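A short worksheet on the structure shown next.
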Amino acid sequence: KKTGAYKESFVSIASGSVSDAWDWKKVDGTDFWFDQSLYGEVSEVTMQGWIDNGSGQVRLYDSTNSRVVDYSEANIKNTKGEAASFYTKPLAIWRGQNAYYLQARGSIDGRVSLSGVKLKILSR
């Protein structure tokens, strides 16, 4: 049986926006590398951040393995157009050092603006 406190670590992802994103589109400038083995015994990895224009969808894409990261999709519909936060379920991160980036899709006007996006790593 494991005992001890959990440690929280964060990996910041660059902010960005997309236009004319009626289908999933890469958010330029959000590329990063991640290897969860560098964080010890990882319990879970989640993603959180802000959709500044209040509406749209965001997800994490693993470009090393050419796949959408399972459970990374967040869907926000805020008709007031105000910034709205999002949180994902625990992500299914594959082993090893992999390259990732954000993808977004607009739900009202095809525009999505993201900020404060980060991975939250819970480990021992």
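Since the model is a prediction, treat every value here as computed from it, not as a measurement.
- Between Ala14 and Gly29, the shortest heavy-atom contact is CB-O, 3.2 Å.
- Residues passing the side-chain hydrogen bond (donor to acceptor under 3.5 Å, both in side chains) test with Asn75, sequence neighbours excluded: none.
- Leu60 contributes atom CG, which lies 15.0 Å from atom OH of Tyr71 (distance to the nearest 0.5 angstrom).
- The two residues Val42 and Val45 have their closest heavy-atom pair at CG1-CG2, 3.8 Å.
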Would you mind writing out the side-chain donor-acceptor pairs for residues 90-101 within the sub-3.5 Å range, not counting sequence neighbours?
unit_1, atom_1, unit_2, atom_2, d
Asn98, OD1, Asn65, ND2, 3.4
Asn98, ND2, Trp94, O, 3.3
Asn98, ND2, Arg95, O, 3.3
Asn98, ND2, Gly96, O, 3.4

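- Residues meeting the side-chain hydrogen bond (donor to acceptor under 3.5 Å, both in side chains) test with Lys89, sequence neighbours left out: none.
- The salt bridge (Lys or Arg N to Asp or Glu O under 4.0 Å) analysis of residues 49-72, with sequence neighbours excluded, yields the pairs Asp62-Arg67, Arg67-Asp70.
- Judged as a side-chain contact (heavy atoms from CB on, under 4.5 Å), and not counting sequence neighbours, the contacts of Phe10 are Glu8, Gln48, Lys118, Lys120.
- Nearest approach of Thr88 to Ala74, heavy atoms of both residues: CG2-CB, 4.5 Å.
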Enumerate, atom names and distances included, each donor-acceptor pair closer than 3.5 Å involving a side-chain atom of residues 17-24, sequence neighbours excluded.
none

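- Asp35 and Ser37 make their closest contact through OD1-OG, 2.7 Å (heavy atoms, listed as atom of the first residue, atom of the second, distance).
- A distance of 10.0 Å separates CG in Leu119 from CD in Gln36, rounded to the nearest 0.5 Å.
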